[in-house]
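Worksheet: the structure to be examined is printed underneath.
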There are 2 protein chains.
Amino acid sequence: MLGVLGVVGDKWSILVVGQLRDRTLRFGELHRAVTGISQRMLTLTLRQLERDGLLTRTVYASVPPRVEYTLTELGSTLLDAATALGEWAAAHREEIGDNRRRYSDAHPPRSRS
Amino acid sequence: MLGVLGVVGDKWSILVVGQLRDRTLRFGELHRAVTGISQRMLTLTLRQLERDGLLTRTVYASVPPRVEYTLTELGSTLLDAATALGEWAAAHREEIGDNRRRYSDAHPPRSRS
DNA sequence: CAGGATCCGGGGGGATACTG
DNA sequence: CAGTATCCCCCCGGATCCTG
């Protein structure tokens, strides 16, 4: 279960799955939709999700090539939990930022005497 | 938000927060409750969650020392999303295990020709 | 366009030993 | 009991360049 949680709890997985709610996206679209993700991490994340059966990868033999990613039924069952976590993070981003700053002030880094 | 998601999406965070639903636990109790976590990772996880204001750390000046961890109000608001993800992982552990095995068979590792 | 390959530095995370 | 302190290895993950 730790292995499973390590994948579905991953921040990139959560953001990618969230983007695929109700729609199919291509690699480049996902890359643009998920801010901050590198090409490499997007590829690795998609491979993991495909391996675990959360999404399907469809290759169209056209030129230029098209690859589309779609949630499977299993992937859709994760959608609610994943977006809940994502929305929680977005909703409390500022509050947590404040908390971190307060913590830094209360627990100053060790200064070299 | 990536930073926040990196913490609340972390597998250890999710399991720790889940254990603190409706109760206060000591360090050792948490260590036993969260299977597989090392002492070091438990400490680091608890520090992060404390820093972000998701739980409080209470030290009792007794001997032997007691340290208790309790969810804050903010931490409680994460509870639903976190346990949803945890339960999803537990519920689909076997199915995902199957998927991984099937994927391994369909995508055999490169053999040195 | 959708990646694969490679290089590389930083940090995650276990094991172990020690302390207030 | 509840950590802290090291050591150390591995892998994450970004940057860059290359390919079908």
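What you see is a predicted model; the values in this text were computed from it and never measured. The chains referred to below are lettered A, B, ... by the order of the sequence lines, with proteins before strands, and numbering in each begins at 1.
Classification of A/E95 and A/R93 as a salt-bridged pair fails, no side-chain N sitting under 4.0 Å from a carboxylate O. Between B/D98 and B/R101 there is a salt bridge, since a side-chain N of the basic residue sits under 4.0 Å from a carboxylate O of the acidic one.
For residues 18-29 of chain A, proximity to DNA chain D is found at no residue, defined as any non-hydrogen atom under 4.0 angstrom from a strand atom. Residues from residues 50-64 of chain B placing a heavy atom under 4.0 Å of any atom in DNA chain D, listed by number, are B/R57, B/P64.
For B/H31 and D/dA2, the NE2 to P distance is 11 Å, given to the nearest whole Å. One atom, CD of B/E68, and another, C1' of D/dA2, lie 13 Å apart when rounded to the nearest Å. The separation between A/L42 atom CG and D/dC12 atom P is 16 Å, rounded to whole Å.
Judged by distance alone, with hydrogens and angles left aside, the side-chain atoms of A/T24 form no donor-acceptor pair with the main-chain N or O of A/E68 at under 3.5 Å. No donor-acceptor distance shorter than 3.5 angstrom exists from the side chain of B/H107 to the backbone of B/Y103, with no hydrogens or angles considered. With hydrogens and angles disregarded, no donor-acceptor distance shorter than 3.5 Å links the side chain of A/T83 to the backbone of A/G86.
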Reading 5' to 3' through nucleotides 5-20 of chain C, protein heavy-atom contacts under 4.0 Å coded B for base, S for sugar-phosphate only, - for none: -B------BBB-B--B

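Contact detail for B/V7 and B/S13: the closest heavy-atom pair is O-OG, 2.9 Å.
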For B/Q19 and B/V16, run side-chain contact (heavy atoms from CB on, under 4.5 Å): C-alpha distance rounded to whole Å, both residues' side-chain angles, the deciding distance at 0.1 Å, then the answer. CA-CA 5 Å; B/Q19 286 298 327; B/V16 164; 5.8 Å; no

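Applying side-chain contact (heavy atoms from CB on, under 4.5 Å) to B/V17 and the options B/T45, B/L79, B/D10 leaves one that passes, B/L79.
Donor-acceptor pairing under 3.5 Å is recorded for the side chains of B/Y69 and B/R57.
Classified by interplanar angle (parallel below 30°, tilted 30° to 60°, perpendicular above 60°), the ring pair B/F27/B/H31 is perpendicular.
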